[in-house]
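Comments concern the structure below.
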Amino acid sequence: MKHHYFLADVRRLWKSYEVYAAIFGVAVTLFFSMESRELKNGNVMFSYFYTTEMSGFMIAYVFCAFPYAAALCEDLEHKYVRYQAIRGSLKRYVVSKVSVIYLSSVLVMVLGSMVFVAYCRTQGPWANGEDLGPYVNGVYERLVESGHYGWYCAFYALQLGFLAGILSVLSALFSLYITNKVTVFALPVLIYKVVLDKTGSGMYTVLVFRAYNKPFEKEWQCLLFVFAISAAFAAALAWGIYRKLKARM
């Protein structure tokens with residue numbers, strides 16, 4: 001039954017237009033975050049790094065939540081939650097929903113970023129031999145040093161996706177309390193902005209998800225660390241979702 005829940009949710013996700021619109025939305029958000037149609041410093045790497053540091057990039061997190069974060073609210077409205085809980089288990093239902101919300105957010109961030117990067121690559125080189133400091137001192141410096149710039153961007157986007165996963169699950173939790181979908185998608189991003197402003201630019205803040213911060217020596221340790229943080233927050237939010245659904249049934 002657990003696999004039935006998950007596979008049904010995956011099919012529901014990929015049959016909807018929202019996931020494809022979200023991928024395109026992330027790419028467009030990155031494009032407009034450049035503030036011009038020209039590459040920053042004339043290369044792809046700096047352009048991608050620059051856009052993810054701009055305040056307008058936060059809209060990308062809204063697009064990451066767009067495909068599936070409102071699914072719980074919709075299921076409650078159509079009494080689908082009660083039906084699934086009777087057939088199987090409410091806990092397994094919540095685990096399936098949260099897993100798909102989280103994974104879809106990560107995937108949207110990565111694919112949307114790579115669409116943007118692919119566009120930038122048609123406009124100029126990966127790097128021009130300058131301004132590589134943030135990359136060669138970060139987590140995936142070996143990829144940059146070996147010329148695997150595309151893979152660097154993919155892993156950079158993956159870590160941003162871990163943060164997007166948390167915000168999307170948070171949106172799903174808010175959807176059980178708030179009926180306005182615009183507010184549901186926007187509120188986690190506003191909370192993220194407030195936390196970012198209050199905690200500053202230290203490594204062990206929300207900026208730990210930025211690949212230019214390197215908390216450990218080994219790359220796999222850094223990746224595992226940020227994933228563990230993200231998964232722990234998502235699990236805690238999933239427990240909150242379960243408690244709220246149980247109370248409403």
Side-chain angles (χ1 to χ4, degrees), residues 1-23 25-26 58-109 160-196 198 206 209 227-249:
M1 183 62 68
K2 180 180 179 180
H3 296 294
H4 168 75
Y5 284 143
F6 183 76
L7 293 177
D9 287 332
V10 170
R11 286 195 295 268
R12 177 180 175 182
L13 174 69
W14 291 110
K15 287 182 180 179
S16 64
Y17 75 91
E18 286 91 344
V19 66
Y20 306 104
I23 293 171
V26 169
M58 288 191 295
I59 299 175
Y61 295 119
V62 177
F63 282 112
C64 289
F66 181 65
Y68 214 67
L72 290 170
C73 183
E74 295 171 357
D75 286 355
L76 274 174
E77 183 180 348
H78 296 93
K79 303 185 184 302
Y80 185 71
V81 176
R82 184 181 297 273
Y83 171 72
Q84 288 297 321
I86 293 173
R87 289 188 59 193
S89 164
L90 180 61
K91 287 184 179 179
R92 291 178 178 177
Y93 168 83
V94 171
V95 169
S96 174
K97 290 294 182 184
V98 170
S99 297
V100 175
I101 291 169
Y102 182 91
L103 293 174
S104 64
S105 300
V106 174
L107 193 63
V108 166
M109 178 62 78
L160 294 176
F162 291 156
L163 176 58
I166 297 175
L167 296 177
S168 294
V169 177
L170 184 58
S171 291
L173 177 60
F174 285 155
S175 72
L176 302 179
Y177 296 89
I178 305 171
T179 57
N180 188 292
K181 287 187 178 181
V182 175
T183 305
V184 166
F185 294 141
L187 194 55
V189 178
L190 295 176
I191 293 175
Y192 164 72
K193 175 62 175 174
V194 171
V195 172
L196 181 62
K198 294 296 183 180
V206 291
F209 293 99
F227 171 72
I229 294 174
S230 179
F233 273 102
L237 293 170
W239 177 247
I241 290 172
Y242 169 75
R243 293 291 298 274
K244 181 60 178 178
L245 287 176
K246 188 176 182 180
R248 292 185 61 172
M249 291 182 61

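We're numbering straight along the sequence, starting at 1.
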Practice prompt. Return each pair, listed once, that meets salt bridge (charged side-chain N to carboxylate O under 4.0 Å, His left out) where at least one residue sits in residues 164-193; pairs must be two or more places apart or across chains.
Written response: E74-K181, K193-D197
Item to complete: Quick one: list whatever passes ring pair (Phe, Tyr, Trp, His ring centres under 6.0 Å) with F227, sequence neighbours left out.
Response: F162
Response to the item:
Sorted by chain and residue number, the side chain to side chain donor-acceptor pair (under 3.5 Å) partners of S171 (sequence neighbours excluded) come out as none
Discussion item. Do Y192 and L163 make a side-chain contact, defined as non-hydrogen atoms from C-beta onward lying under 4.5 Å apart?
Written reply: yes
Fill in: Nearest non-hydrogen partners of C64 and V26, listed with the distance
SG-CG2, 4.2 Å
Worksheet item: Which atom names give the shortest non-hydrogen contact between A22 and P67, and what distance separates them?
Response: CB-CG, 3.6 Å
Worksheet entry | Partners meeting ring pair (Phe, Tyr, Trp, His ring centres under 6.0 Å) with Y242 (sequence neighbours left out) | W239
Discussion item. Strictly distance-based, threshold 3.5 Å: is any side-chain N or O of S175 a donor or acceptor partner for the main-chain N or O of A70?
Written reply: no
Practice prompt. Could you pull out all residues at least two apart from V189 that satisfy side-chain contact (heavy atoms from CB on, under 4.5 Å)?
Written response: M58, Y61, V62
Discussion item. If you compare all heavy atoms of A234 against all heavy atoms of V98, which two are closest, and at what distance to 0.1 Å?
Written reply: O-CG1, 4.2 Å
Discussion item. I'd like to know if the side chain of Y102 pairs up with that of S230 as donor and acceptor (distance under 3.5 Å, no hydrogens or angles considered).
Written reply: yes
Worksheet item: Are the side chain of S99 and the backbone of V95 linked by a donor-acceptor contact shorter than 3.5 Å?
Response: yes
Practice prompt. Compare every heavy atom of G161 with every heavy atom of M109, then report the nearest pair and how far apart it is.
Written response: CG-N, 3.7 Å
Worksheet, complete the sentence: Shortest non-hydrogen pair, V108 vs F63, comes out as CG1-O, 4.3 Å
Worksheet entry | For the student: nearest non-hydrogen atoms of P188 and L170, plus distance | CB-CD2, 3.9 Å
Worksheet entry | Partner residues of L176 under the side-chain contact (heavy atoms from CB on, under 4.5 Å) criterion, sequence neighbours left out | L72, L76, I241, K244, L245, R248
